[in-house]
Protein chains: 2
Amino acid sequence: MCPEPAPPTGAEPAWGVQADFGWALGVVFRSYLKAANAAVAELPGGPRGYQVLAAAARDQPRSQLALAQQLGVDRTVMTYLLDDLEKAGLVERRPDPADRRARRLTATESGEELLCTLDRRLRLAEEHVLGALDESDRETLRGLLQRVATQVDALDPVASACDVVNDIADESAMPAGRRPRTGD
Amino acid sequence: MCPEPAPPTGAEPAWGVQADFGWALGVVFRSYLKAANAAVAELPGGPRGYQVLAAAARDQPRSQLALAQQLGVDRTVMTYLLDDLEKAGLVERRPDPADRRARRLTATESGEELLCTLDRRLRLAEEHVLGALDESDRETLRGLLQRVATQVDALDPVASACDVVNDIADESAMPAGRRPRTGD
DNA sequence: TATTGTTATACTCTATAACTATA
DNA sequence: TATAGTTATAGAGTATAACAATA
């Protein structure tokens, strides 16, 4: 009395959770995160630090806040991240001549060098995670993820996907008597 | 002097991070996580609670520990999760007749009902996240993720991907003078 | 008055260690 | 002695709120 996510073959034992999108996405993400973590372990801030460093080197963000929003982190976290990266001599905070409240971000030479190395390692980590696929399928997966991510990011760089579910929650009938704090 | 991830077209401003696999994967994952969070917000333990409930209903795990390992969570976390789910009357811990240390897990009727509803909502959340793709591309993406996840999960249900990077770290030349605590 | 960035504080999540009851 | 489960404690990561400087 519930269509169950329909296991691919139906013969294997212990399917259940394993058959769904969320599970697969989570496994792949955590696996990549683990590899990426190891790849950039020496960098203050880990993978997040990498994104900040990469943005500083290539996007030359106009302010800490702008970068924080672009990466979907709190602006206070950005402060800590930059403190550590600057202490390590990888990025610099420079005053914005146009707005003395804001700070421009740039990568030092040392930062750019390190970024090169990290890029190479991350590429290897990525290929390790995608080990199950041949090059053609990897390209396809990368492309599809890119399309989804781009749209999601365009719709709402950080939040999104959340309001929708409020509608979903209203639409779908609850098992009666169980409908706790919605504003939680 | 560094091959840079090669922006797709090369004309757009502010590419950088946006062009890489890790970024796309992270955006998609967080977006789905947010939607899933909202979809199962009323369930103790959120998405993790859902996975436990689903496993209890469909896999009938032989022990808490077995399920914890299958889901990649600490066994202490499993205790908290089950405490809350049991308190809500959704799952039951029953003594394993074969091993009086272990507990069998089953979903209550109330739990199965709720699971139905949540499955439906998660399906909607998933489709919302994949809004950029037509049905055919969604199938492709699901299939590819499934293949990658299955292999990753088979190689190492929890860890994996980590040792590899130790090799990577050795292989790749560091910018000299910068090679902090490896055992961190 | 609103905004950028910083600091201090509190909260959540997760992991660690110690304990029990079984095997 | 080793294992399943629980509990208590500590740590990392994150968010909240208050503040200073500037717009």
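Just so it is clear: chains get the letters A, B, ... in the order the sequence lines come, proteins before strands, and each one is counted from 1.
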Notebook entry, point to check: Atom CG of B:Asp74 to atom C1' of D:dT3: distance rounded to whole Å?
Noted result: 15 Å

Notebook entry, point to check: Do A:Gln69 and A:Leu65 touch side chain to side chain, with heavy atoms closer than 4.5 Å?
Noted result: yes

Next item on the list: Measure from CG on B:Leu65 to C1' on C:dT22 and round the result to the nearest Å.
Entry: 15 Å

Item checked: B:Arg104 CZ to D:dG5 P, straight-line distance once rounded to whole Å -> 11 Å

Next item on the list: Could you tell me whether B:Arg103 contacts a base, only the sugar-phosphate backbone, or nothing, with contacts defined as non-hydrogen atoms closer than 4.0 Å?
Entry: sugar-phosphate

Margin query: Both A:Pro97 and A:Val77 contact DNA chain D. Which one's nearest nucleotide lies toward the 5' end?
Written below: A:Val77

Checklist line | Distance in angstrom units between A:Leu33 CG and C:dT14 P, rounded | finding: 13 Å

Check: Nearest to the side chain of A:Tyr80, which nucleotide is it out of C:dT7, C:dC13, D:dA4?
Finding: C:dT7

Notebook entry, point to check: Hey, does the side chain of B:Arg93 come within less than 4.0 Å of D:dT6's phosphate (OP1/OP2), counting only N and O?
Noted result: yes

Next item on the list: Describe the nucleic acid contact of B:Ser63 in one word from base, sugar-phosphate, nothing, applying a heavy-atom distance below 4.0 Å.
Entry: sugar-phosphate

Notebook entry, point to check: For A:Arg75 and D:dA17, is the shortest distance between a side-chain N/O and OP1 or OP2 below 4.0 Å?
Noted result: no

Next item on the list: Give the rounded distance in Å between these two atoms: CD of A:Gln64 and P of C:dT3.
Entry: 17 Å

Check: Is it true that A:Arg58 and A:Asp119 have a side-chain N and a carboxylate O under 4.0 angstrom from each other?
Finding: yes

Notebook entry, point to check: Parallel under 30°, tilted from 30 to 60°, perpendicular over 60°: which one fits the rings of A:Tyr32 and B:Phe21?
Noted result: perpendicular

Note to self: For B:Arg48 and B:Ala98, find the nucleotide of DNA chain C closest to each by heavy atoms; which residue's nucleotide sits nearer the 5' end?
What the structure shows: B:Arg48

Next item on the list: Identify whether any heavy atom of B:Asp99 sits under 4.0 Å from a base atom; if not, whether one sits that close to sugar-phosphate; answer base, sugar-phosphate or nothing.
Entry: sugar-phosphate

Note to self: Nearest whole Å is fine: how far is D:dA12 P from A:Asn37 CG?
What the structure shows: 15 Å

Margin query: Is B:Thr79 close enough to D:dG5 that one of its side-chain N or O atoms is under 4.0 Å from OP1 or OP2 there?
Written below: no

Notebook entry, point to check: What is the distance, rounded to the nearest whole Å, between atom CZ of B:Arg94 and atom C1' of D:dA4?
Noted result: 19 Å

Check: Taking N and O atoms by type only, does the side chain of B:Arg101 place a donor or acceptor under 3.5 Å from a partner on the base of D:dT3?
Finding: yes

Margin query: Whether A:Asp137 and B:Arg147 form a salt bridge (side-chain N of Lys/Arg under 4.0 Å from carboxylate O of Asp/Glu) is what I want to check.
Written below: yes

Margin query: Distance check needed: C:dA15 C1' versus B:Met78 CE, whole Å only.
Written below: 15 Å

Item checked: Note: B:Arg121-B:Glu126 ion pair, threshold 4.0 Å (strictly below) -> no

